[in-house]
Amino acid sequence: MRFEILPGTVTLVGGGPGDPGLITVAGLEAIRQADVLLHDRLGPVELIAEAPEGAEVVNVGKIPHGHFTPQEEINRLLVEHARAGRRVVRLKGGDNYVFGRGGEEWQHCAAAGIPVRVVPGVTSAVSVPAVAGIPVTHRSLAQGFCVVSGHVAPSDPRSTVDWAALAASGLTLVILMGVKQLGVIAEALVAGGLPPSTPAAVVEDGTTPGQRVIRGTLADVADRTAASDVRPPAIVVVGDVAGLDLSVGAHPH
Ligand code: SAH
């Protein structure tokens, strides 16, 4: 065992984007030692079966009426179980610190005097485009990438993302939680100066057997996505790299 966890602690584990093979060795070892495993609906749900027999497995993504468990309640559960002397593992999809509220969970546990560790995960922001044949950087096409949340429209007062600045940045844009607002986001990027012909791709359920890739340009990607009835989780990639398809020539697996 490379990664040992102690009773009375909390371990934040990034589970990777969905394919259970994409968790880290340390992450899998942590799950295999859990007395309590708190998970939600995103990420590699098959890995829940790796928890030891007798472990308490809690789905904090949903409560019986279909709502999310409030973050305060999750924080409270982490501390309560750790105080009872258990090895608590908090499994999230992707990486806990990329739109995963892992930072808040860490702060809450630390403030309560509970020892915490983090096992970084393979974030969907990079891995989902990769598996769909899109490298987020490419020597001749993009010298960087930017990961942003698209859950609120650019015109929404709650939005703190400067879409015009992103349009001018020359970076690949990786947009999480942006499918619903894709039309207005594409408009904002074009208004910010990106050509409507800029390649854009949407990847639904990346790395899973249900993966779908929709390709287009800023001008038509929102319509194509709506026509294909794409549902979350899905990632949008905007930039010249989205015009590549490195899945051509992949060996079978
Ligand atoms: N912590 C996660 C992100 C959580 S936010 C990570 O690091 O990957 C949730 C968003 O992540 C989804 O709305 C979607 O945009 C993206 N996402 C997560 N898993 C995905 C997958 N398998 N395929 C496509 N998008 C995914």
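We count ligands from 1, going down the list as the structure has it; atoms in each ligand are counted the same way.
In this structure, the separation between CG on L189 and CG on L194 is 5.5 Å, given to the nearest 0.5 Å. Atom CZ of R101 is separated from atom CD1 of I74 by 8.0 Å, given to the nearest 0.5 angstrom.
Closest to atom 1 (N) of ligand 1, if we only count protein heavy atoms, is V98 O, 2.7 Å. Nearest protein neighbour of atom 19 (N) of ligand 1, counting heavy atoms only, is S124 CB, 3.6 Å. The shortest contact between atom 21 (C) of ligand 1 and any protein heavy atom is with G206 N, 3.6 Å. Scanning all protein heavy atoms for the shortest distance to atom 13 (O) of ligand 1 gives M177 CG, 3.2 Å. In terms of protein heavy-atom proximity, atom 9 (C) of ligand 1 is closest to L42 CD1, 3.5 Å. Protein heavy atom at the shortest distance from atom 4 (C) of ligand 1 is F99 O, 3.5 Å.
Of all heavy-atom pairs between A132 and V203, the closest is CB-CG2, 3.7 Å. When every heavy atom of A110 is checked against every heavy atom of V116, the shortest pair comes out as N-CG2, 4.1 Å.
Here's the thing with A234: one of its N/O atoms is less than 3.5 angstrom from an N/O atom of ligand 1. On a distance-only criterion, D95 and ligand 1 share at least one N/O pair closer than 3.5 Å. For ligand 1, the polar-atom distance check finds an N/O of P17 within less than 3.5 Å of one of the ligand's N/O atoms. The N/O atoms of G93, backbone and side chain alike, include one that comes under 3.5 Å of an N/O atom in ligand 1.
Open room surrounds CZ on R231; 12 or fewer heavy atoms of other groups in view lie less than 6.0 Å from it. More than 12 heavy-atom neighbours from other residues, nucleotides or ligands sit within 6.0 angstrom of CD on E46.
The proximity of D205 to ligand 1, defined as any non-hydrogen pair under 4.0 Å, is limited to the backbone.
A salt bridge is absent between D220 and R215; no separation between the charged side-chain nitrogens and carboxylate oxygens falls under 4.0 Å. In this structure, R32 does not pair ionically with E29, as no charged nitrogen and carboxylate oxygen lie closer than 4.0 Å.
In this structure, T207 falls outside the shell of residues with a heavy atom less than 4.0 angstrom from ligand 1. The shell of residues lying under 4.0 angstrom from ligand 1, judged by heavy atoms, excludes P232. Residue contact annotation: P233 has a non-hydrogen atom under 4.0 Å from ligand 1.
Within the 4.5 Å cutoff, no side-chain heavy atoms of D19 are placed close to those of V131.
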